[in-house]
Amino acid sequence: MSKTKKDGSDNNLSLKQKRSLSDSEFSFNPLQLESKWRSVWEKEGTNQIDLDSAARPYFNLMMFPYPSAEGLHVGNMYAFTGSDIWGRFMRMKGFSVFEPIGLDGFGIHSENYALKVGKHPAVQAKISEANFYRQLSLIGNQFSWDQKVETYNPAYYRWTQWIFIQMFKAGLAYRDKAAVNWCPSCKTVLADEQVIDGACERCDSQVEERELEQWFFKITDYAQRLLTNLSKIDWSPKVKIAQKNWIGKKEGIDITYEVVLEEGKPVGKTVVCFTTRPDTNFGATFVVLSPESSVLGKLKPFIKPEIWSKVTAYAASSKKMSREDRIDQGREKTGVFTGLYCLNQLTGKKMPLWVSDFVLMEVGSGAVVGVPGHDLRDFEFASKFDLEIIRVVVGADGDNSPITTSSQVQEEEGVMVNSDFLNGMDIKKATKVIMDYLEEKGWGKKVVHYRLRDWLISRQRYWGPPIPMINCKKCGWQPVPDKDLPVLLPEVEDWKPKGEGVSPLAAVESFVKTTCPKCKGSARRETDVSDTFLDSSWYFLRYPSKGRKDVAWDKKLTEKWLPVDMYIGGAEHSVLHLLYSRFLTMVFYDLGLVSFEEPFTKFRAHGLIIKDGAKMSKSKGNIVNPDEYLKKYGADSLRCYLMFLGPLSAGGDFSDTGMRGMFKFLKRVYSLVLEKSRGMTEKVTDKEAYIISKTIKDVEGGLRRLKYNTSIAFLMEYVNFLKEQKAVSSQSLHTLAVLLAPFAPHLAEELWQHLGGNHSVHSQSWPKFDPKVLKQEQIELLVQINGKLRDRIWVSASLAGLKTEAEQKQVLDLVKALPKVKTHLQGKEIKKTVFVKDRLVNLVVA
RNA sequence: GCCAAGGUGGCGGAAUAGGCAGACGCGCAGGUCUCAAAAACCUGUGAAGCUAACACUUCGUGCGGGUUCGAUUCCCGCCCUUGGCACCA
């Protein structure tokens with residue numbers, strides 16, 4: 001609600017007066033205006049910075065796009081605008097802002113797009129590149145164009161390969177068998193993200209698992225550090241939490257059980273079970289091995305042949321199933337009893353040893369000790385196979401009867417019973433006590449497990465950097481020597497995914513055949529390419545050093561510009577990209593290649609732009625391409641509209657009507673400045689000075705909190721205020737242009753120039769507000785009765801402090817004299833009075 | 001199931017060291033201008049009640065409690081939406 005007078009009739013130019021001004025002065029043509037300033041900026045290098053000499057370097061990074069879709073997505077533009085506004089704000093705050101851009105055009109996304117449109121990925125890459133850079137040049141970002149990088153460029157992926165070799169030399173790259181997602185219909189390996197609910201994203205057929213030899217990066221070696229360092233970086237909390245969950249640290253104990261025969265005779269073998277809940281071990285009644293467990297092989301001599309055949313048949317059938325199927329929660333438990341037992345040292349009890357596919361080899365130790373009374377899964381298993389159930393915990397409900405239904409299964413909390421020396425203890429305390437006890441006895445060993453698994457690097461695809469390794473029969477795996485980098489991706493016609501679990505490169509004999517770098521004998525190249533995420537996990541290091549041909553990154557420039565000061569990007573990369581980048585940076589640090597452990601000092605996640613309440617997607621056909629809006633309204637309107645939708649972290653729903661409203665606002669700003677600049681005053685009135693300072697403060701507050709929507713709203717209020725003034729000071733209008741600059745860079749430049757400003761508005765410093773001006777002489781106090789607002793009263797600032805009793809009494813007298821207060825107080829007694837400095841007086845009556 | 005974020009007019013949203021709920025905008029309605037329309041501009045716009053009018057009163061921030069002089073904001077218990085993780089031992 002505006003408190004300023006609304007009848008501004010005499011303050012505004014009449015229509016006649018307006019018409020007397022020449023038409024051209026009032027025609028707002030954003031397209032012409034924007035293209036004019038684009039070329040001026042380019043010509044004068046307004047947005048270029050000298051990376052070597054910049055005084056106060058500030059690395060403002062945004063996630064580079066996958067140029068795989070039909071063009072820049074309005075969601076990309078949302079993210080880039082949000083980041084650019086921040087960069088421009090920092091620039092006006094006096095920093096030399098480096099704002100690079102590039103394309104993450106290597107990898108499966110781009111290859112799939114090429115498959116879809118039926119073009120060779122290399123050909124499509126050039127088309128996408130031209131289109132993306134064209135669009136990116138129109139959105140008003142202060143990109144450092146000279147530094148742009150594309151991951152599919154040999155000058156870039158040469159260093160991606162070099163990084164692979166550094167990982168190999170550091171012992172952090174290794175080969176192992178791994179299950180991969182296999183689509184039998186497309187005859188290809190799929191990335192995890194291409195598997196939707198166990199089915200192929202493209203043809204919907206059921207995905208199978210296949211075992212293949214693959215390259216891995218040992219990210220698990222860094223699990224603890226990736227977790228610990230989270231406390232050192234300023235990131236959106238939700239992203240930190242997502243990473244923490246993904247790393248999934250679990251502290252527990254490996255308990256070793258002796259395997260015995262039916263009659264109790266030990267066979268000389270053991271089974272190790274990892275558990276985080278050893279407190280319930282007095283209630284353990286069975287042990288389950290994963291079907292893939294290597295322990296099974298060792299136990300074979302002690303398992304009866306007719307049982308062994310059942311075990312192997314079971315293991316074979318579970319192998320056919322995809323991981324998704326196996327862990328489907330609702331599925332009924334299955335399993336085979338081995339005929340063997342594990343001895344529970346605590347109770348002396350023989351626990352039957354089973355094999356079941358609900359136990360996953362890669363989790364914990366691949367073996368589980370079953371406590372059916374206090375674990376729902378174990379309960380289901382025990383119920384199915386009629387195994388003993390013992391209660392060892394009593395929960396808050398006090399139920400201490402035998403456990404016969406799943407609702408009685410007490411998992412999270414309670415007090416120990418039937419557990420010898422643990423009885424009466426809270427489960428948390430019991431866990432500690434029993435852990436120490438088991439370790440002391442030599443029955444168990446405290447361990448930490450992580451959910452995080454090693455990073456699978458290999459892709460049996462074409463469109464990626466060939467993994468720079470050579471396999472020699474005599475010397476084993478050898479890295480390609482530096483002088484032979486890059487290993488160029490051969491241009492082949494038959495680049496489509498093959499059916500045999502190998503990359504299409506395997507069919508290119510001229511590529512595969514090579515010599516061993518060590519013994520010079522004949523050898524074969526690795527034919528897999530590396531994961532897209534490897535390309536994108538170091539691109540920020542390349543940006544400043546793009547000009548360097550001899551190193552991946554220049555030491556001096558890297559010292560100067562990194563780590564990244566502000567990174568804005570999508571929350572969908574919370575775990576993969578952001579974790580891999582952190583991992584690699586830590587490795588580089590350990591190898592002495594960089595001087596910092598964390599790549600991104602500050603990270604903020606932006607929200608998602610949706611359309612009509614739904615996610616934009618190709619299949620729904622509701623993707624908004626910014627082109628048509630850029631063409632119709634220009635970049636400034638689109639930028640401001642997107643930012644006005646809500647806080648940057650929230651995203652928003654794209655609509656055409658809102659777009660139009662923002663266009664109208666910018667048009668009003670334009671006319672206002674042209675009109676008011678005619679009779680600009682030098683003198684700034686007190687009222688103006690106050691509003692100017694307040695606006696600077698508020699707009700800046702919105703910028704700092706990435707709530708650009710509020711900054712724009714304050715600018716609108718400011719414009720509404722200026723509109724109502726008969727005469728406006730030059731300072732008011734200059735301030736408007738400067739404050740508008742981060743949001744609508746083209747229009748702001750135009751206005752700045754019109755006002756006679758020199759050089760670029762974007763090189764101006766962000767204005768300072770004057771706190772003294774913001775202190776008012778009169779302050780409005782709210783008058784409440786029983787907490788309900790009844791009136792308001794203006795008092796002098798000194799009195800509004802309400803510090804002394806004398807001041808309080810003086811204000812109270814004024815308040816009591818108010819007619820409305822009198823009415824409400826009639827016949828009532830004031831029981832208490834609440835004074836809040838500069839805010840209010842509340843009278844509490846009976 | 002677990003973790004996280006959120007629920008405020010017709011719509012997007014604003015306001016949280018507890019203190020004017022609905023800033024700003026969209027939409028809608030009425031008006032000015034026009035032969036007419038568009039554009040532009042002006043006025044109004046949470047609901048209900050009461051007024052000739054100005055005004056005033058009551059209700060109102062997902063639901064139910066609580067703390068407080070005072071709660072959109074803090075606490076407890078629910079419901080719903082969105083995102084992430086999930087037979088994780």
Side-chain angles (χ1 to χ4, degrees), chain A residues 1-2 6-9 12-16 18 26 236-242 244-246 248 250 252 273-277 288 290 326-331 333 356-360 362-371 375-378 380-381 411-412 449-451 571-572 574-575 607-608 610 613 615 641 644-647 649-653 655-662 664-665 667-668 671 698 702 707 709-717 719-720 723 780-789 791-792 820 823 831-834 836 838-845:
Chain A
M1 186 187 332
S2 172
K6 283 278 161 115
D7 67 343
S9 48
N12 289 292
L13 289 177
S14 72
L15 263 138
K16 256 186 202 163
K18 275 187 182 169
F26 280 97
S236 300
K238 68 172 183 179
V239 175
K240 282 196 191 183
I241 288 163
K244 190 173 168 242
N245 292 342
W246 186 264
K250 280 178 300 211
C273 294
F274 175 72
T275 178
T276 54
R277 291 292 308 276
V288 189
S290 159
R326 264 180 71 172
I327 61 179
D328 183 16
Q329 214 156 20
R331 208 176 125 240
K333 297 280 180 290
S356 175
D357 62 9
F358 83 85
V359 179
L360 306 170
E362 63 271 25
V363 178
S365 58
V368 164
V369 55
V371 184
D375 182 293
L376 215 48
R377 262 175 344 189
D378 295 350
E380 285 170 13
F381 193 78
E411 288 188 307
E412 300 288 315
H449 278 282
Y450 297 91
R451 202 197 78 98
E572 69 273 19
S574 291
V575 284
L608 219 59
I610 56 174
K615 224 178 194 171
Y641 164 67
F644 194 57
L645 283 173
S649 61
D653 202 336
S655 86
D656 290 25
T657 49
M659 182 69 235
R660 170 113 206 112
M662 189 51 71
K664 275 155 66 175
F665 168 66
K667 193 170 164 185
R668 271 202 302 276
S671 324
D698 290 342
K707 294 184 84 170
N709 54 327
T710 62
S711 296
I712 294 171
F714 290 124
L715 282 172
M716 286 172 167
E717 284 188 51
V719 166
N720 290 343
K723 233 163 72 180
E780 190 182 40
L781 294 180
L782 305 179
V783 178
Q784 296 184 337
I785 292 170
N786 284 347
K788 282 204 168 100
L789 179 73
D791 208 346
R792 28 181 123 236
K820 280 179 201 164
T823 324
K831 279 173 64 185
K832 189 177 168 183
T833 319
V834 180
V836 181
D838 294 342
R839 274 262 157 74
L840 59 83
V841 176
N842 186 18
L843 307 177
V844 185
V845 300

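Naming convention: chains lettered A, B, ... in sequence-line order (proteins, then strands); numbering from 1 in each chain. Just so it is clear, the model here is predicted, and its values are computed rather than measured. Worth knowing before you read on, the calculation uses all heavy atoms, side chains too, and leaves out hydrogens, waters and symmetry mates.
- Using a distance-only test at 3.5 Å, with no hydrogens or angles considered, no donor-acceptor pair links the side chain of A:Y641 to the main chain of A:G661.
- Taking CD of A:Q784 as the reference point, atom OG1 of A:T833 lies at 12.5 Å (rounded to 0.5 Å).
- Rounded to whole angstrom, the span from the CG atom of A:D653 across to the C1' atom of B:rU81 amounts to 15 Å.
- Taking the six-membered ring for Trp and thresholds of 30 and 60 degrees, A:F274 and A:H449 have ring planes more than 60 degrees apart, a perpendicular arrangement.
- Distance noted for atom C1' between B:rC74 and B:rG13: 24 Å (whole Å).
- In the interface, the side chain of A:K831 is not paired with the base of B:rC69 through any donor and acceptor atom under 3.5 Å apart.
- Scanning atom types as modelled, no donor and acceptor separated by under 3.5 angstrom connect the side chain of A:R660 and the base of B:rC26.
- Pairing for B:rA5 is with B:rU81, a Watson-Crick or G-U wobble pair whose two hydrogen-bonding atom distances lie under 3.5 Å.
- Checking B:rC59 for Watson-Crick or G-U wobble geometry (two distances, each under 3.5 Å) identifies B:rG46 as its partner.
- Atoms CD (A:E717) and P (B:rC24) sit 5 Å apart, rounded to a whole Å.
- Between the CZ atom of A:R451 and the P atom of B:rC85 there is a distance of 8 Å, given to the nearest Å.
- Considering only side-chain atoms of A:V836, the nucleotide from B:rC69, B:rC20, B:rG19 that sits closest is B:rG19.
- No engagement by A:D375 is indicated, since no non-hydrogen atom pair under 4.0 Å with the nucleic acid exists.
- Nearest to the side-chain atoms of A:L360 among the listed nucleotides B:rC20, B:rC69, B:rA89 stands B:rA89.
- Closest to the side chain of A:K664, out of B:rG19, B:rG12, B:rC26, is B:rC26.
- For the side-chain contact (heavy atoms from CB on, under 4.5 Å) with A:D375, the qualifying choice from A:E380, A:R277, A:E411 is A:E411, the only one to do so.
- Separating the CZ atom of A:R668 from the C1' atom of B:rC41 is a distance of 10 Å, rounded to the nearest angstrom.
- With both pairing distances under 3.5 Å, B:rC11 is matched to B:rG25 as a Watson-Crick or G-U wobble pair.
- For A:R377 and B:rA89, a side-chain-to-base donor-acceptor distance below 3.5 Å is present, hydrogens and geometry of angles not being considered.
- Base pairing analysis places B:rU73 opposite nothing; no Watson-Crick or G-U wobble pair with both distances below 3.5 Å involves it.
- A:L645 has its CG atom 11 Å from the P atom of B:rA14, to the nearest Å.
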Review point. How far apart are the C-alpha atoms of A:V841 and A:L782, what are their side-chain angles, what is the distance that settles it, and do they pass the side chain to side chain contact (heavy atoms under 4.5 Å, CB included) test?
Key: CA-CA 6 Å; A:V841 176; A:L782 305 179; over 6 Å; no
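- Scanning atom types as modelled, one donor and one acceptor separated by under 3.5 angstrom connect the side chain of A:K250 and the base of B:rC88.
- Side chain A:Q784 to base B:rG19: a donor-acceptor pair is found below 3.5 Å.
- Atom CG in A:D653 sits 4.5 Å away from atom CD1 in A:I610 (nearest 0.5 Å).
- Spacing between atom OH of A:Y641 and atom P of B:rC11 amounts to 16 Å, rounded to whole angstrom units.
- In B:rG9 the base sits syn relative to the sugar, since the glycosidic angle is no further than 90° from 0.
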Pairwise N/O distances under 3.5 Å, protein to nucleotides 55-58 of chain B:
unit_1 : atom_1 : unit_2 : atom_2 : d
B:rC56 : OP1    : A:K820 : NZ     : 2.7
B:rU57 : OP1    : A:R790 : NH1    : 3.2
B:rU57 : OP1    : A:H824 : NE2    : 3.1
B:rU58 : OP1    : A:R790 : NH2    : 3.3
B:rU58 : OP2    : A:R790 : NH1    : 3.3

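- Contact between the side-chain N/O atoms of A:N709 and the OP1/OP2 oxygens of B:rA14 is found at a separation under 4.0 Å.
- In this structure, A:W246 and A:K707 both approach RNA chain B, and ranking their closest nucleotides by distance from the 5' end singles out A:K707.
- The partner of B:rC88 cannot be assigned: no Watson-Crick or G-U wobble pair with both contacts below 3.5 Å exists in any strand.
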Practice item. Check the pair A:V783 / A:K820 against side chain to side chain contact (heavy atoms under 4.5 Å, CB included), numbers first and verdict last. Key: CA-CA 10 Å; A:V783 178; A:K820 280 179 201 164; over 6 Å; no
Below 3.5 Å between N/O atoms, which protein atoms pair up with nucleotides 8-10 of chain B? Just atom names and distances, please.
none

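- Taking atom C1' on both nucleotides, B:rC33 is separated from B:rG25 by 25 Å, rounded to a whole Å.
- Where A:F274 and A:I241 each meet RNA chain B at their nearest nucleotide, the meeting point lying more 5' is that of A:I241.
- In the set B:rG13, B:rC87, B:rA23, B:rC87 carries the atom at the smallest distance from any side-chain atom of A:E380.
- Closest to the side chain of A:D357, from the set B:rA39, B:rA4, B:rC87, is B:rC87.
- Comparing the C1' positions of B:rA89 and B:rG6 gives an interatomic distance of 33 Å, to the nearest angstrom.
- With a 6.0 Å radius and a threshold of 12 heavy atoms from other residues, nucleotides or ligands, A:K238 has its NZ atom at or below the threshold.
- Remark: P of B:rC26 and CE of A:M662 are 9 Å apart, rounded to the nearest angstrom.
- Between A:N245 and B:rC88 there is no side-chain N or O to OP1 or OP2 distance below 4.0 Å.
- What separates CG of A:L782 from P of B:rG19 is a distance of 11 Å, to the nearest Å.
- With both pairing distances under 3.5 Å, B:rC20 is matched to nothing as a Watson-Crick or G-U wobble pair.
- Taking a pair to require two hydrogen-bonding distances under 3.5 Å in either a Watson-Crick or a G-U wobble arrangement, B:rU32 pairs with B:rA40.
- For the P atoms, the distance linking B:rC80 with B:rG27 amounts to 35 Å, nearest Å.
- As rounded to the nearest Å, B:rC11 and B:rG64 have C1' atoms that lie 29 Å from one another.
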